[in-house]
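These notes concern the structure reproduced below.
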Amino acid sequence: MKFAGIIAMLLMGCAVFAGDIKINGEFKQVKDGAAVGWVQNKGEWAKPYGTVKLIQITEADGDVENALQVTSTEQRTDVYFGTNFPARAGEIYEIEAKVKGTGSIRLGFYVYDEKGGFIGNQSLVHKVSADFKEHKVKIDVKDVQPKEGDLKKAASIRFYFSSEANSDIIVKEIEVDKED
């Protein structure tokens with residue numbers, strides 16, 4: 001009985017995550033020279049467009065792994081996973097990426113309403129270094145209140161990362177977990 005009480009106290013003090021959300025985060029699935037599911041955002045706001053390349057890196061143990069190199073100039077370059085995942089306000093997601101390069105990486109998600117319309121994004125920015133390092137963010141989904149009109153309720157999200165303006169990053173892994 002004491003053991004169950006200890007477990008309950010530990011769980012109350014710790015966030016519990018539901019497990020990985022499948023996003024081809026190690027870029028192992030490849031088709032036509034691109035990481036399956038990952039798409040460069042080519043919105044008008046993103047001009048001039050940066051570059052996104054699937055590259056291979058050799059680890060110290062000789063293993064070869066895929067990675068995405070994202071280079072930007074005047075504007076950030078967003079790369080998003082093409083699947084929308086159901087979400088609602090108050091849910092918390094943890095996004096973790098192993099990254100190296102120069103400049104900064106942005107980790108977050110785009111938010112869509114029940115009709116699939118884009119209503120905003122939520123993200124955080126981290127400086128990167130010359131060596132691979134884990135960068136982690138926890139972000140809670142929020143509804144969006146425009147300056148005019150009704151509250152836009154979050155219904156789904158798409159995960160993304162970006163190379164901030166004048167940055168050159170290499171992402172070798174990205175994971176997403178939903179907090180329970």
Side-chain angles (χ1 to χ4, degrees), residues 15-32 34-43 45-46 49-55 57 65-72 75-101 103-128 132-144 152-165 167-180:
V16 178
F17 288 89
D20 279 347
I21 293 174
K22 305 300 181 213
I23 58 169
N24 188 23
E26 293 180 340
F27 315 113
K28 289 182 178 180
Q29 297 173 325
V30 176
K31 184 176 179 182
D32 299 326
V36 172
W38 290 97
V39 179
Q40 182 176 355
N41 187 329
K42 296 270 185 142
W45 64 268
Y49 300 129
T51 60
V52 178
K53 294 189 286 188
L54 181 69
I55 63 171
I57 54 175
E65 296 182 358
N66 290 337
L68 286 183
Q69 181 176 16
V70 184
T71 306
S72 61
Q75 293 290 335
R76 75 176 201 243
T77 301
D78 287 10
V79 181
Y80 63 89
F81 192 71
T83 301
N84 281 41
F85 293 90
R88 66 182 197 282
E91 292 177 340
I92 298 172
Y93 291 84
E94 182 176 85
I95 306 167
E96 182 177 338
K98 291 182 183 167
V99 187
K100 74 175 186 175
S104 300
I105 184 169
R106 179 181 298 264
L107 298 167
F109 45 78
Y110 301 134
V111 183
Y112 299 88
D113 65 17
E114 58 279 346
K115 294 180 182 175
F118 175 77
I119 60 173
N121 70 49
Q122 295 163 225
S123 62
L124 294 168
V125 177
H126 286 244
K127 294 288 278 174
V128 297
F132 279 108
K133 183 177 164 189
E134 291 183 357
H135 295 270
K136 189 184 297 188
V137 299
K138 267 190 191 181
I139 306 173
D140 60 318
V141 177
K142 293 181 174 75
D143 294 329
V144 176
K152 305 279 186 180
K153 292 210 172 264
S156 66
I157 55 178
R158 275 189 186 159
F159 300 99
Y160 80 96
F161 65 89
S162 64
S163 173
E164 289 294 281
S167 296
D168 185 6
I169 64 171
I170 296 173
V171 178
K172 75 174 182 177
E173 184 177 341
I174 184 166
E175 295 180 354
V176 178
D177 291 306
K178 179 181 175 188
E179 190 174 287
D180 269 349

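Note: hydrogens, waters and symmetry copies are ignored here, and every other heavy atom, side chains too, is used.
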Ignoring hydrogens, what is the shortest heavy-atom contact between [X] and [Y]? Give both atom names and the distance.
| X | Y | result |
| --- | --- | --- |
| V79 | V52 | CG2-CG2, 3.6 Å |
| P86 | E91 | O-OE1, 4.1 Å |
| V141 | R88 | CB-O, 3.4 Å |
| K133 | H135 | O-CD2, 3.4 Å |
| Q75 | A46 | CB-O, 3.8 Å |

Test of understanding: with side-chain contact (heavy atoms from CB on, under 4.5 Å), list the residues that count as partners of [X], not counting sequence neighbours.
| X | value |
| --- | --- |
| V30 | L54, N66 |
| S72 | T77, S163, S167 |
| A67 | I55, I57, I170, K172 |

Is there a side-chain contact between V137 and H126 in this structure, where contact means two heavy atoms from C-beta onward sitting under 4.5 Å apart?
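They are in side-chain contact.
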I'd like to check the side chain to side chain donor-acceptor pair (under 3.5 Å) partners of N41; sequence neighbours left out, ordered by chain and number.
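Y110.
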What pairs with K115 under side chain to side chain donor-acceptor pair (under 3.5 Å), at least two apart in sequence or on another chain?
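For K115 there are no side chain to side chain donor-acceptor pair (under 3.5 Å) partners, ignoring immediate neighbours.
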Can you check ring pair (Phe, Tyr, Trp, His ring centres under 6.0 Å) on F109 and F85, steps first, answer last?
CA-CA 10 Å; F109 45 78; F85 293 90; over 10 Å; no
Just jot down the salt bridge (Lys or Arg N to Asp or Glu O under 4.0 Å) partners of K153, sequence neighbours excluded, or say none.
D143
Has the side chain of [X] got a donor or acceptor atom that lies under 3.5 Å from a matching backbone atom of [Y]?
| X | Y | result |
| --- | --- | --- |
| Q122 | D140 | yes |
| W38 | N24 | yes |
| E26 | E65 | no |

What verdict does the side-chain contact (heavy atoms from CB on, under 4.5 Å) test give for E94 and K136, after you've listed the backbone C-alpha separation in whole Å, the side-chain angles of each residue and the deciding distance to 0.1 Å?
CA-CA 7 Å; E94 182 176 85; K136 189 184 297 188; 3.4 Å; yes
